[in-house]
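Fair warning: this is a prediction, and the values are worked out from it, not measured in the lab. Quick note on labels: first sequence line is chain A, next is B, and so on, each numbered from 1.
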Amino acid sequence: MAFLPAWLSRGLADLFPAASAAEALADPDQTLAARLAQADASSRPLRVKLGIDPTGSDIHLGHSILFRKLRAFQDAGHTAVLIIGDFTARIGDPTGKSATRVQLSAAEVEANAETYLVQLGLGQDPARALLDFTTPGRLEVRRNSEWLAAMDLPAVIDLLGTSTVGQMLAKEDFANRYGSGTPISLHEFLYPLLQGYDSVAIEADLELGGTDQKFNVAMGRDLQRHHGQRPQFGLLLPILPGLDGVQKMSKSLGNTVALSEAPLSMYSKLEKVPDAVLEEYLTLLTDLALESLPTNPRERQKAMALEVTRQRHGVEAAAAAQADAARLVGGASGSAAADAEVPEASLAGVNFPAKAFYLLSAVGLCASSSEARRQILGGGVKLDGEKLVDPNQEFADAAALQGKVLQLGKKTFRRLAF
RNA sequence: GGGUCGGUGCCCGAGUGGUUAAUGGGGGCGGACUGUAAAUCCGCUGGCUCUGCCUACGUUGGUUCAAAUCCAACCCGGCCCA
């Protein structure tokens, strides 16, 4: 891998076929470095595949590391082929799943796909876009229903014939589920095959994925060979740990930072990632030169948070977020909070006279009024910096509350507005 | 299709007729502490403008003064057999 440029090798978890230097001399075609040189020489950019299943509505930082790498390929002159798995999303990728995924409707999938593209930068300020949507020849967006929806049964049978039950069960997720007696639906076996077939359909030279995609990416190689194509390279990136520092970043685990998240929220989540994962965040989410950063872990956290926020929101908003975060978490007195950029909560839906616990839930700070009651009793609620002690405290009308800052815990603030 | 075991609160998992939102753990939230955190300690962890009232133990119905606990059917799943 010493041949590879830094933009490519930064954060790499796996590359295959990973030929050794000796093999590289024997068959240069087997190394990505050689392939890159070839592409340059012949002015034929590589087709770099990245598939996404539009199963949710938010793209978070965990996904973004793949898009960042894809962008790096674009910037180096290659063609990003972004595959929207509108067809496969309806099966659900079994990877990493302990249970069969719910199947989505075509309409839901399409709606998700649209929001994904917008979050990736379609029609947005190019300076903050994750992908290059504007330079000609750098991006191809394809939906895999283009070729998958048209498959007839003989084609499906041919596809199924390229793999075996044994191979499928060798896949870790399937093996675990089978071993533990968790059900596996037959259609889930189709998923890796269909994803692999995508590589055939677009004639991919290289596929990007998380390390959990190794099986599926390798399947693409098999199928390409089966169809007489030159097999793609597989380039895998680590799975970004979530804010808990342990499990992977995933919306269902609630440990994510969304790309679309407001600057303050983004910054304050990131500035306290566990020390154990800080270096990974720096490597995977930024292009900062690690050795030139301060060594103090707290300072490194802040630098990382600031940079990631800057990428999405620009220099000024990031700096403001940093300042606000310092005020809110540090002092957290009423007046300090008043200076900072605090999200507003509307009192319009509140019926007065309002008791304190009801107010918390009506304004959306707590999920339920019962929870609000508990939070107040637990001493976690402040109004303009003063602790509320009585959940039954009554507020006669909106005028008594307007403009005040309601605080839950250390990090959740709402300015009450009408 | 047959046999058998099982489906409990966010998750795992006790509980097998009787005061009680239902032991315990995890996770989550809040408090103290700290470099924000982590670790540790403490509190909370169904809903409702709530000194009380509602829902809750796969679904529906039944037995009983009384059921998560007994019975029936159905739905879903594991294992074994076909």
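- Separation of the C1' atoms belonging to B/rG78 and B/rC70 is 25 Å when rounded to the nearest angstrom.
- Taking only distance into account, the side chain of A/S369 meets the base of B/rC50 through a donor-acceptor pair shorter than 3.5 Å.
- If you take CZ of A/R300 and P of B/rA37, they are 21 Å apart, rounded to a whole angstrom.
- Distance A/L377 CG to B/rU51 P: 14 Å, rounded to the nearest Å.
- Here A/S370 reaches the OP1 or OP2 of B/rC48: one of its side-chain N or O atoms lies under 4.0 Å away.
- Separating the CZ atom of A/F357 from the C1' atom of B/rG30 is a distance of 18 Å, rounded to the nearest angstrom.
- Here B/rA37 presents its C1' atom at 8 Å from CZ of A/R298, a figure rounded to the nearest Å.
- Between A/D132 and A/Q74, the side chains place no donor N or O within less than 3.5 Å of an acceptor N or O (distance only, hydrogens not considered).
- Here the separation of B/rC75 from B/rC65, taken at their P atoms, is 32 Å to the nearest Å.
- Across all strands, A/P297 comes closer than 4.0 Å to base atoms (heavy-atom distances).
- As judged by a 4.0 angstrom heavy-atom cut-off over every strand, A/N392 is placed among residues making no nucleic acid contact.
- Exactly one residue among A/V277, A/I239, A/L240 makes a side chain to side chain contact (heavy atoms under 4.5 Å, CB included) with A/L284. That residue is A/L240.
- Rounded to an integer number of Å, the gap from A/R373 CZ to B/rC29 P is 22 Å.
- Across all strands shown, nothing is found opposite B/rA82 as a Watson-Crick or G-U wobble partner with both distances under 3.5 Å.
- Remark: the separation of the C1' atoms in B/rG61 and B/rC11 is 31 Å, to the nearest Å.
- Taking atom C1' in both B/rU8 and B/rU23, the straight-line distance is 13 Å, to the nearest Å.
- Map A/N296 and A/A354 each onto its nearest nucleotide of RNA chain B; the residue landing nearer the 5' end is A/N296.
- When Watson-Crick and G-U wobble pairs are counted only if both distances are under 3.5 Å, B/rA72 pairs with B/rU60.
- Rounded to a whole Å, the CD atom of A/Q247 is 15 Å from the P atom of B/rC11.
- Comparing B/rU60 with B/rG52, their C1' atoms sit 32 Å apart, to the nearest whole Å.
- Base-pair partner of B/rU40: B/rA32 (Watson-Crick or G-U wobble, both distances under 3.5 Å).
- Comparing the P positions of B/rG24 and B/rA32 gives a spacing of 26 Å, expressed to the nearest Å.
- The CD atom of A/Q375 sits 9 Å away from the C1' atom of B/rU45 (whole-angstrom rounding).
- Defined by atom type and a distance below 3.5 Å, a donor-acceptor pair is missing between the side-chain atoms of A/Q224 and A/R221.
- The line from CG of A/L264 to CZ of A/F413 is 9.0 Å long, rounded to the nearest 0.5 Å.
- When the nucleotides B/rU49, B/rG35, B/rC48 are ranked by their closest atom to the side chain of A/D275, B/rG35 comes out on top.
- Taking only side-chain atoms of A/K410, from C-beta outward, the nucleotide of B/rG35, B/rC33, B/rC50 with the closest atom is B/rC33.
- For the C1' atom pair drawn from B/rU4 and B/rA67, the interatomic distance equals 25 Å after rounding to whole Å.
- Using modelled atom types, one finds a donor on one side chain and an acceptor on the other under 3.5 Å when comparing A/S199 with A/Q232.
- Closest approach to the A/Q301 side chain among B/rU49, B/rC50, B/rG35 is made by B/rG35 (side chain taken as heavy atoms from C-beta onward).
- Each of B/rG31, B/rG35, B/rG46 was ranked by its minimum atom distance to the side chain of A/R374; first place goes to B/rG46.
- Base pairing of B/rG77: its partner is B/rC5, meeting the Watson-Crick or G-U wobble criterion (both donor-acceptor distances under 3.5 Å).
- Side-chain N/O atoms of A/S368 include none lying less than 4.0 angstrom from OP1 or OP2 on B/rG46.
- Of the nucleotides present, none pairs with B/rA21 by Watson-Crick or G-U wobble criteria with both distances under 3.5 Å.
- One can place CD of A/E371 at 16 Å from C1' of B/rC50, the figure rounded to the nearest angstrom.
- For the C1' atoms, the distance from B/rU63 to B/rC71 is 7 Å, rounded to whole Å.
- When each of A/E140, A/E207, A/E203 is checked for a salt bridge (Lys or Arg N to Asp or Glu O under 4.0 Å) with A/R47, only A/E140 meets the rule.
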- Query: So A/D198 and A/W147, side-chain hydrogen bond (donor to acceptor under 3.5 Å, both in side chains) or not? Walk me through it.
  - Reply: CA-CA 8 Å; A/D198 289 345; A/W147 49 87; 2.7 Å; yes
